[in-house]
Amino acid sequence: MVVKVELQAPIEKKTVIDKLTRTRNLSDGELLLLLATDEYDSELAQSADAVRRSVYGKDVYIRGLIEFSNYCKNNCFYCGIRQGNEAVKRYRLSREQILSCCKEGYGLGFRTFVLQGGEDPYYTDGMMCEIVSSIKSMFGDCAVTLSLGERSRGSYQALYDAGADRYLLRHETADDEHYSRLHPESMSLKARKECLWNLKEIGYQVGAGFMVGSPYQTIANIISDIRFLQELRPAMIGIGPYITHRETPFWNFSNGSLELSLRLLSIIRLMFPYALIPATTALGTIAPNGRELGLAHGANVVMPNLSPVGVRKLYELYEDKICTGEEAAECRFCLDRRVTGAGYEIAVHRGDVKDEAMYGQV
Ligand code: 5AD
Ligand code: FES
């Protein structure tokens with residue numbers, strides 16, 4: 001009897017990977033099996049890479065990330081630019097500075113610009129709309145992605161009308177109780193979800209996601225995250241390891257694991273074949289070849305930094321963030337080498353989500 005059980009267990013896991021690849025879904029118990037073991041990581045990665053290649057080929061989509069303000073009115077317990085961190089020097093980029101980053105980025109082959117900032121009320125709807133429409137009129141073949149946190153539906157609509165194409169707003173955790181352990185009382189999962197649904201209804205390509213190994217996170221929380229993603233069906237899914245920051249209340253928590261982050265990338269690729277999934281900067285921070293590993297585990301997007309070198313170190317969401325000393329061009333060439341070395345190719349176009357209609361039917 002004992003021998004039989006030992007023989008059966010590994011077979012079951014293989015079957016689970018086959019089922020996930022075929023049906024793009026699993027029960028909670030099956031997900032638990034995959035999340036709780038590292039036994040089948042290479043099989044998972046191979047299946048995820050095969051699915052990613054069948055949809056996106058060798059293409060890696062690049063986004064030029066412009067971190068335009070590190071002011072934030074929020075106080076998320078995990079984040080280095082939280083309002084309560086008085087040790088950080090704050091900065092804001094002007095419209096002209098942002099446009100000059102785009103100009104440099106365009107010359108380096110970027111056709112998507114991501115404007116990311118803390119929740120900074122200084123940038124009113126009027127200002128943001130003007131920035132978005134300037135970028136769109138100067139670089140007509142480029143997409144604009146916004147990552148400005150929670151705003152009103154009217155604000156999201158105005159920004160969309162000004163030309164914004166995509167919006168990144170990680171849900172962070174889909175469990176109410178866990179959400180309240182990561183955020184102050186002024187913030188709620190309900191409000192976050194409402195923003196995501198509003199963005200989707202307006203017509204944005206929406207990105208959700210969460211950190212792996214954030215304080216108090218359980219495997220059950222991760223399963224809830226996956227279920228929420230299945231409900232929302234976002235075009236983009238951002239997941240990366242939690243990395244601790246000394247100036248936050250979570251200073252003594254440890255970082256999320258590389259292995260679990262990679263395993264989740266693969267599971268998510270298999271569940272969402274058409275999604276745009278970044279090999280995140282956080283992944284590249286916890287391991288020197290983290291982003292290459294991310295690509296091999298199902299990711300198909302990278303977001304190098306286009307912010308002026310003078311402010312890069314100040315946008316420190318977590319410690320030891322990579323690419324903070326390099327000029328945009330250096331970073332772009334470094335990335336090219338890394339992507340090519342990993343067996344993929346950088347694509348010079350907007351890099352929209354493929355065949356969303358089909359993606360939506362899964
Ligand atoms: N470690 C890893 N990721 C973090 N983020 C914020 N703080 C950290 C951290 N300490 C992520 C959040 C946010 C995104 C912009 O960066 O998920 O949504
Ligand atoms: Fe930025 Fe290597 S990708 S320096």
Side-chain angles (χ1 to χ4, degrees), residues 60 62-65 67-70 72 74-82 85 88 105 108 110 114-119 145-150 167-174 178-179 182-183 187 192 195-196 207-215 217 225 236-258 261 278-286 288-292 294-295 302-307 309 312 315-342 346:
V60 168
I62 53 172
R63 311 338 191 162
L65 179 63
E67 295 155 339
F68 68 92
S69 166
N70 71 348
C72 191
N74 289 335
N75 238 335
C76 307
F77 301 146
Y78 46 83
C79 183
I81 64 164
R82 59 202 305 271
N85 180 5
V88 62
L108 293 169
F110 290 99
V114 181
L115 303 186
Q116 185 173 85
E119 287 198 16
T145 304
L146 298 176
S147 179
L148 317 172
E150 296 182 8
Y167 204 103
L168 301 176
L169 181 67
R170 289 191 181 174
H171 64 280
E172 311 296 358
T173 171
H178 187 218
Y179 197 95
L182 299 181
H183 301 95
M187 296 174 73
R192 182 60 56 108
C195 286
L196 284 164
F210 58 96
M211 293 174 286
V212 178
S214 60
Q217 184 183 55
D225 288 320
M236 304 169 282
I237 301 173
I239 52 170
Y242 163 76
I243 303 176
T244 202
H245 190 291
R246 63 199 171 277
E247 300 289 346
T248 67
F250 288 158
W251 60 272
N252 65 344
F253 278 85
S254 33
N255 294 344
S257 109
L258 173 70
S261 302
T280 56
T281 306
L283 203 56
T285 300
I286 55 161
N289 60 341
R291 284 169 301 173
E292 291 90 321
L295 293 175
V302 275
M303 297 171 59
N305 205 317
L306 266 188
S307 312
V309 172
R312 283 198 196 177
Y315 200 85
E316 194 193 47
L317 306 184
Y318 45 80
E319 281 172 33
D320 301 325
K321 203 175 132 196
I322 51 167
C323 303
T324 55
E326 286 77 6
E327 293 288 346
E330 278 177 76
C331 205
R332 170 69 178 76
F333 297 131
C334 170
L335 198 69
D336 217 349
R337 279 198 305 278
R338 288 170 180 269
V339 168
T340 314
I346 287 181

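Counting convention: from 1, in listed order, for ligands and their atoms alike. Nothing fancy with the numbering, it's 1 onward along the sequence.
Here the closest heavy-atom approach between residue E172 and residue M211 is recorded as OE1-CE, 3.9 Å. Across all their heavy atoms, R338 and P288 have their closest contact at NH1-O, 3.2 Å. Shortest non-hydrogen contact noted between P215 and F250 is CG-CD1, 3.4 Å. The shortest non-hydrogen separation linking V339 to L295 is CG2-CD1, 4.2 Å. Looking at every heavy atom in both residues, S307 comes nearest to E67 through OG-N, 2.9 Å.
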Exercise for review: Might you work through the side chain to side chain contact (heavy atoms under 4.5 Å, CB included) test for T244 and Y318, ending with a clear yes or no?
Suggested key: CA-CA 6 Å; T244 202; Y318 45 80; over 6 Å; no
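At a threshold of 4.0 Å, the pair K321-E316 does not count as salt-bridged, since none of the basic side-chain nitrogens sits closer than that to a carboxylate oxygen. Ion pair E319/R246 flagged as a salt bridge, since at least one NZ, NE, NH1 or NH2 atom sits closer than 4.0 Å to an Asp/Glu carboxylate oxygen.
The distance between the ring centers of Y179 and H171 does not fall below 6.0 angstrom.
Protein neighbours of ligand 2 below 4.0 Å, counting non-hydrogen atoms: R291, C323, E326, C331, C334, L335, R338.
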Taking a 3.5 Å cut-off between nitrogen or oxygen atoms, can you list every pair linking ligand 1 to the protein, with distances?
from     : atom 1 : to   : atom 2 : distance (Å)
ligand 1 : 1 (N)  : I243 : N      : 2.9
ligand 1 : 1 (N)  : I243 : O      : 3.3
ligand 1 : 10 (N) : Y78  : O      : 2.9
ligand 1 : 10 (N) : I243 : O      : 2.7
ligand 1 : 17 (O) : R170 : NH1    : 2.9
ligand 1 : 17 (O) : E172 : OE1    : 2.7
ligand 1 : 17 (O) : E172 : OE2    : 3.3
ligand 1 : 18 (O) : E172 : OE2    : 2.5

